[in-house]
Amino acid sequence: MKTLVVYYSKSGNTRRVAQEIAKGLGAETEEIVEVGVKRTGILGFLRAGRGGMMRKKSRIETPKKRPGDFDLVFVGSPVWGWNLAPAVRSYLAAVDLGQKPMALFCTMGSNGEKKTFESIRELATGSRALGELAVLQSELATPDALARKVDAWAKEMAAQVR
Ligand SMILES: Cc1cc2nc3c(=O)[nH]c(=O)nc-3n(C[C@H](O)[C@H](O)[C@H](O)COP(=O)(O)O)c2cc1C
């Protein structure tokens with residue numbers, strides 16, 4: 001089975017979860033890369049939070065892999081402003097997941113996963129979401145427990161496709 005893990009990550013948390021999923025399943029990864037937007041400093045932070053909340057898109061590099069070529073696609077985002085990060089919104093608008101099943105994950109400080117997952121489902125129409133995993137930033141402090149949780153979930157998702 002061919003599996004792709006697509007994610008955006010500004011400070012590395014979502015990347016860590018994505019890499020854990022990929023390692024456990026032997027999956028390929030694609031990091032969504034934003035271009036032309038400053039995400040540093042207080043203004044960058046405020047713009048980012050507003051971008052999530054206002055359901056904005058941002059410019060991203062052209063994706064290298066076609067999700068339609070895979071049997072299962074994991075889609076991951078940090079929660080920004082209680083919603084999806086703009087770069088992931090742009091990615092989902094740009095690619096065609098077709099009828100391929102997907103599994104959704106996010107990382108967050110405390111909450112906002114509901115709208116984040118809702119947004120992904122809305123954007124990836126036609127694709128069926130098999131399940132969701134929200135990881136708290138605090139869980140990254142205990143890598144072994146996190147790895148067990150993420151691996152178990154990822155395998156549960158993959159088992160639904162095999
Ligand atoms: C601009 C911005 C907005 C955020 N908004 C939220 C939020 O609404 N809810 C929340 O629980 N965490 C929020 N966070 C925390 C991030 O979701 C959390 O740190 C996440 O793990 C970051 O992922 P990354 O390291 O992959 O970028 C926000 C962080 C940033 C930078």
Side-chain angles (χ1 to χ4, degrees), residues 3-25 27-65 67 70 72-95 97 102-124 129-154 156-157:
T3 306
L4 179 67
V5 185
V6 181
Y7 65 95
Y8 167 75
S9 181
K10 184 171 98 68
S11 53
N13 296 346
T14 313
R15 185 181 302 113
R16 269 183 59 191
V17 175
Q19 286 171 345
E20 190 61 49
I21 295 169
K23 194 174 78 182
L25 296 180
E28 295 184 34
T29 58
E30 166 124 291
E31 178 161 1
I32 302 166
V33 181
E34 254 185 343
V35 286
V37 55
K38 195 168 166 275
R39 295 295 189 202
T40 50
I42 185 70
L43 284 180
F45 176 83
L46 292 173
R47 194 183 301 118
R50 196 173 54 230
M53 198 155 60
M54 304 303 284
R55 300 167 175 257
K56 298 268 187 218
K57 294 194 184 84
S58 59
R59 273 179 55 215
I60 58 168
E61 283 181 6
T62 306
K64 295 180 185 67
K65 298 179 184 178
F70 294 80
L72 170 63
V73 182
F74 286 79
V75 181
S77 176
V79 173
W80 278 7
W82 303 279
N83 213 317
L84 189 62
V88 183
R89 202 171 276 285
S90 302
Y91 175 85
L92 292 169
V95 301
L97 278 162
M102 58 181 182
L104 319 181
F105 65 101
C106 70
T107 67
M108 61 191 185
S110 57
N111 61 70
E113 74 277 26
K114 195 165 173 282
K115 275 195 191 160
T116 301
F117 293 142
E118 255 170 39
S119 285
I120 300 177
R121 288 171 195 267
E122 278 166 24
L123 288 156
L130 302 176
E132 299 164 352
L133 180 73
V135 174
L136 288 170
Q137 205 169 275
S138 55
E139 293 181 85
L140 282 105
T142 49
D144 291 349
L146 178 72
R148 279 195 299 276
K149 177 175 170 171
V150 171
D151 284 349
W153 175 75
E156 197 185 301
M157 297 298 104

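Note that ligands are numbered from 1 as they come in the structure, with each ligand's atoms numbered from 1 the same way.
Ion pairing between Arg121 and Glu132 holds under the 4.0 Å rule for side-chain N and carboxylate O. Ion pairing of Glu118 with Lys114 is present here, as a side-chain N (NZ or NE/NH1/NH2) and a carboxylate O approach within less than 4.0 Å.
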Decide side-chain contact (heavy atoms from CB on, under 4.5 Å) for Met157 and Ile21; before the verdict, give the C-alpha distance in whole Å, the side-chain angles of both, and the deciding distance to 0.1 Å. CA-CA 10 Å; Met157 297 298 104; Ile21 295 169; over 6 Å; no

side-chain contact (heavy atoms from CB on, under 4.5 Å) between Glu30 and Lys64: does it pass, once the steps are laid out? CA-CA 7 Å; Glu30 166 124 291; Lys64 295 180 185 67; 3.3 Å; yes

Evaluate the criterion side-chain contact (heavy atoms from CB on, under 4.5 Å) for residue pair Tyr91 and Leu123; output intermediate values, then yes/no. CA-CA 10 Å; Tyr91 175 85; Leu123 288 156; over 6 Å; no

Pair Tyr8-Glu31, side-chain contact (heavy atoms from CB on, under 4.5 Å): steps then yes or no: CA-CA 6 Å; Tyr8 167 75; Glu31 178 161 1; 5.8 Å; no

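Every protein residue with a heavy atom nearer than 4.0 Å to ligand 1 is included here: Ser9, Lys10, Ser11, Gly12, Asn13, Thr14, Phe45, Ala48, Gly49, Pro78, Val79, Trp80, Gly81, Trp82, Thr107, Met108, Gly109, Ser110, Asn111, Gln137.
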